[in-house]
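Scroll down for the structure; my scribbles are underneath it.
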Amino acid sequence: ERIKSGTAVPVTPPPTCPSASHRLWPEIEQVVHQQVAWARLGLGDSGTGWQLFAEDGEMRMYRREEEVDGMVVDPLKAVHIVKGITGHEVCHYFFSPQYRYDWETTLEQMTVLETIADDSCLFLQTHKRIWPASQRDVIFWSHIRHLPNDQDRDGPDIWTVVNHSTEHKDYPANSGKCVRIFLTVCMLCQTRVIPPKEGTPITRDNISCKITYCSVVNPGGWAPASVLRALYKREYPKFLKRFTSYVTNQTKDKPIMF
Ligand code: 18C
């Protein structure tokens, strides 16, 4: 119907974010908010029962023993401080598919099923098999976000990547040789800048990044609790050390990406 002159034309507001019109958007918004809030809580504020299970320099990893239907789903919370890199850089290398084979050692194959927008992708990954258990696969959306610090002028900005399992009609769970795992992961980064002497530029010696990595993985099928916990104890520290060294190496001769 023609719009008569003088009639108020309904205007659809522009999307606040490039992914906003996608079917997964409401879930992405909700899970990102929840995960950021959870990651920002200190270990003391997010309940009791966190056990330190790995420590190396500035890196500390905690887990809480939890089981669902006899399956280990221990939540993990790790904190690390790495000198010389920014939160934006950490999140860029964690999110972007083109670097994943460089640092993800348990990966067998990664497929980008959909690029939802510049800040959101849908991934299918198969991971290395641990004999005699079945091989695992996972489908998850991944979203990168900058949360500027509006409230506290001196407080650091936050960069985050959230990964969360979802379904895809073309790849139903447990239909092939793989058992589907379900995960929620949040990498949250705050960059600290030690102001250099007046008149001198900020270099990588003046910056450090506080990383909080939270993860909950449901292995999808039964595996002995002791085997799973031993696997976590070996693989999570290996991942965070290798990944952060990778970011340090990739960025050392590049301009700082704030
Ligand atoms: O967050 C991380 N990576 C992201 C990008 O890939 C993303 C994906 C995470 C998938 C993690 C699931 C990995 C399953 C691995 C299977 C075991 C392979 C071991 C091979 C050893 C040679 O978020 C970084 C993730 C860091 C992963 C740490 C290990 C987590 C173990 C999870 C176990 C799942 C059950 C496996 C069942 C095995 C039964 C004995």
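The basis for the numbers below is simple: all heavy atoms, side chains too, and nothing from hydrogens, waters or symmetry mates. Order of listing sets the numbers, starting from 1, for every ligand and every atom in it. Numbers here simply count residues along the sequence, with the first being 1.
Neither the backbone nor the side chain of Phe123 has any atom closer than 4.0 Å to an atom of ligand 1 (non-hydrogen atoms only). Under 4.0 Å from ligand 1, the heavy atoms of Leu231 that appear belong solely to its side chain. If you look at Arg234 next to ligand 1, the close heavy atoms, those under 4.0 Å, all belong to the side chain.
At least one N or O atom of Gln125, backbone or side chain, sits closer than 3.5 Å to an N or O atom of ligand 1.
Within the listing of ligand 1, atoms 31 (C), 32 (C), 33 (C) sit less than 4.0 angstrom from a heavy atom of Tyr232. Interface of Phe239 with ligand 1, defined as ligand atoms under 4.0 Å from a residue heavy atom, comprises 24 (C), 26 (C). Contact atoms of ligand 1 toward Leu183: 8 (C), 9 (C), 10 (C) (distance under 4.0 Å to a heavy atom of the residue). For ligand 1, the atoms sitting less than 4.0 Å from at least one non-hydrogen atom of Tyr213 are 1 (O), 2 (C), 24 (C), 25 (C), numbered in the order shown with element in parentheses. For ligand 1, the atoms lying closer than 4.0 Å to a non-hydrogen atom of Trp103 are 3 (N), 5 (C). Shown in contact with Pro219 at under 4.0 Å from a heavy atom are these atoms of ligand 1, numbered in order with element: 35 (C). Per-residue contacts place Arg100 under 4.0 angstrom from the following atoms of ligand 1 (heavy atoms of the residue considered): 5 (C), 6 (O). In the vicinity of Val227, heavy-atom distances shorter than 4.0 Å reach the ligand 1 atoms 40 (C).
The shortest distance between side-chain heavy atoms of Asp157 and Thr191 does not fall below 4.5 Å. Counting heavy atoms from C-beta on, the side chains of Phe94 and Val185 come closer than 4.5 Å. Here the side chains of Val112 and Phe123 are in contact, with some heavy-atom distance below 4.5 Å.
Remark: of the listed residues Gln35, His164, Gln34, His164 is the sole one forming a side chain to side chain donor-acceptor pair (under 3.5 Å) with Thr184. For the side chain to side chain donor-acceptor pair (under 3.5 Å) with Gln125, the lone residue among Arg100, Glu104, Gln109 that qualifies is Arg100.
Look at Val138 and you'll find every heavy atom at least 4.0 Å from all atoms of ligand 1. Heavy atoms of Phe94 approach ligand 1 to within less than 4.0 angstrom.
Looking only at heavy atoms of the protein, atom 12 (C) of ligand 1 is closest to Ile181 CD1, 3.3 Å. Nearest protein heavy-atom neighbour of atom 3 (N) of ligand 1: Glu104 OE2, 2.7 Å.
Side-chain polar atoms of Tyr236 and Ser215 form a donor-acceptor pair below 3.5 angstrom.
At a threshold of 4.0 Å, the pair Glu55-Arg60 counts as salt-bridged, since one of the basic side-chain nitrogens sits closer than that to a carboxylate oxygen.
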